[in-house]
Amino acid sequence: MSVPIATGNRDTKGRRGGYERGRITRDTLIATAERLFAERGIDAVSLREIAAAAGSHNTGAAQYHFGNKDRLLEAIFGHRATMLNARRAELLAQAAATHGAAAWPVGALPEGRVGSAAEIAAEVTVRATIEVIVRPLAELVGHCHYISFLARLQADHVRDQYVRRAGTGTDSTFRQARSILRQALPALPEPVFRRRFHLAMRMAIAALADYECSLPAEPEPAVTSQVVSPAGGPMPVPDPDTAAVPSADDPDDPDDPDDPDDLDDLDDPDDLVTDLIEAMSGMLTAPSSRKIPTTVGRSCK
């Protein structure tokens with residue numbers, strides 16, 4: 001008499017293992033796509049290239065998991081937005097716990113700042129809320145390619161709007177912070193606020209992406225006592241004490257203080273965040289000279 005073999009546990013473990021492998025593959029595809037899109041641009045990378053770069057033997061893996069490129073963009077955005085949402089929620093909670101729900105933590109205002117109590121209170125709220133929005137983005141720099149990916153994405157107006165509409169369910173704290181900004185600037189007409197906030201965010205992403213691109217890709221190789229010449233023989237390393245010093249007029253001098261494109265001295269991300277807070281705050285709080293047309297009813301004749 002044969003005894004039936006129970007296979008329930010084995011099947012359950014097999015399904016769990018398959019699910020875990022699928023999740024790992026999906027996450028790997030997302031990270032690989034984020035990197036390639038950031039480096040080469042969205043339209044320059046195919047789904048097959050992403051699967052191959054992710055190490056998959058199946059070049060159709062990206063299409064299997066996401067269907068098309070737009071769905072893959074949504075997945076990247078949603079993956080990072082979830083982490084950003086959690087970090088912003090943490091910062092909002094810290095602000096409420098430390099200063100109360102109606103007050104916001106912020107560094108000192110610019111020295112000599114004068115104005116009415118209401119104006120200064122609004123500026124404090126604006127600066128603090130901008131930090132809640134920007135700092136989590138800055139904290140990603142150097143750890144992934146998301147900021148450069150966002151810079152590429154915002155250059156594609158159609159896809160940018162599509163992905164951001166699709167991701168509205170994952171960025172609740174971003175929308176909460178935006179609402180706080182809006183409430184702090186009641187005198188600013190709504191169309192002006194929308195335009196300025198849009199411009200401020202584009203500036204922040206572009207600045208952070210520029211900083212991200214300036215980071216070294218890998219450590220510089222160690223200097224040895226000899227360098228091999230093209231002919232194969234050793235060449236002496238120049239003595240640093242006798243090496244030629246670039247002249248003040250040398251256009252290739254990396255330490256030229258008058259070079260407008262030399263940002264090597266701005267290597268502290270906290271300083272960049274501070275600069276962004278001040279620039280974005282100034283953009284949002286500046287008085288508006290725009291004439292906002294009022295809606296006039298059409299007369300019947």
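The structure presented is a predicted model; accordingly, all values stated were derived computationally and were not measured. Throughout, numbering of the chain's residues begins at 1 and tracks the sequence.
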Stepwise side-chain contact (heavy atoms from CB on, under 4.5 Å) check, L92 with T173: CA-CA 8 Å; L92 288 170; T173 51; 4.0 Å; yes
Cluster check F77, M83: I/L/V/M/F/W/Y, side chain < 4.5 angstrom: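 Cluster IDs for F77 and M83 differ.
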Cluster check Y64, I76: I/L/V/M/F/W/Y, side chain < 4.5 angstrom: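 In one cluster with Y64: I76, no.
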Minimum heavy-atom distance between [X] and [Y], given as atom pair plus value:
| X | Y | answer |
| --- | --- | --- |
| T129 | A177 | CG2-O, 3.2 Å |
| A62 | A51 | N-CB, 4.2 Å |
| H65 | L29 | CD2-CD1, 3.8 Å |
| T125 | A184 | CG2-CB, 3.9 Å |
| S288 | V192 | OG-CG2, 3.7 Å |
| A53 | T32 | CB-CG2, 3.7 Å |

Distance-only polar pair, side chains of S179 and Q183, donor-acceptor under 3.5 Å: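 On atom types as modelled, these side chains qualify, holding a pair under 3.5 Å.
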Polar contact flag, side-chain donor to acceptor under 3.5 angstrom, S281-E278: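 No - no donor-acceptor pair under 3.5 Å links their side chains.
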Just verifying a value: how many Å separate [X] [atom1] and [Y] [atom2], rounded to the nearest 0.5 Å?
| X | Y | atom1 | atom2 | value |
| --- | --- | --- | --- | --- |
| I180 | L185 | CD1 | CG | 12.0 Å |
| R127 | L181 | CZ | CG | 13.0 Å |
| I50 | T59 | CD1 | OG1 | 12.0 Å |
| I133 | I277 | CD1 | CD1 | 10.5 Å |
| L208 | L137 | CG | CG | 6.5 Å |
| L199 | L284 | CG | CG | 9.5 Å |

Non-neighbouring partners of S214 that pass side-chain contact (heavy atoms from CB on, under 4.5 Å), sequence neighbours left out: Y211
Qualifying residues under side-chain contact (heavy atoms from CB on, under 4.5 Å), relative to R135, sequence neighbours excluded: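 R135: side-chain contact (heavy atoms from CB on, under 4.5 Å) contacts with E131, E139, D270, V273.
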Is there a donor-acceptor contact under 3.5 Å from the side chain of [X] to the main chain of [Y]?
| X | Y | result |
| --- | --- | --- |
| R88 | P136 | no |
| R71 | F66 | no |
| T82 | G78 | yes |
| N85 | S172 | yes |
| S46 | E49 | yes |

Geometric cation-pi criterion, R182 with F193: 6.0 Å, 45°: yes
F197 six-ring centre to R178 NZ/CZ under 6.0 Å and within 45° of normal: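 Checked: cation-pi criterion met.
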L188 side chain near R196 side chain, heavy-atom distance below 4.5 Å: yes
Side chains of F37 and L153 in contact at under 4.5 Å (non-hydrogen atoms):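 In short, these two side chains do not touch, never coming nearer than 4.5 Å.
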Residues Q154, M201; criterion side-chain contact (heavy atoms from CB on, under 4.5 Å); working and verdict: CA-CA 10 Å; Q154 74 177 8; M201 287 305 305; over 6 Å; no
Pair listing, salt bridge (Lys or Arg N to Asp or Glu O under 4.0 Å) test, anchored in residues 28-38, at least two apart: E34-R80, R35-E39
Pair R152-D43, salt bridge (charged side-chain N to carboxylate O under 4.0 Å, His left out): steps then yes or no: CA-CA 10 Å; R152 293 280 193 178; D43 289 328; over 6 Å; no
Q63 CD: over 12 foreign heavy atoms closer than 6.0 Å: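 Atom CD in Q63 is not packed in, count stays at 12 or less.
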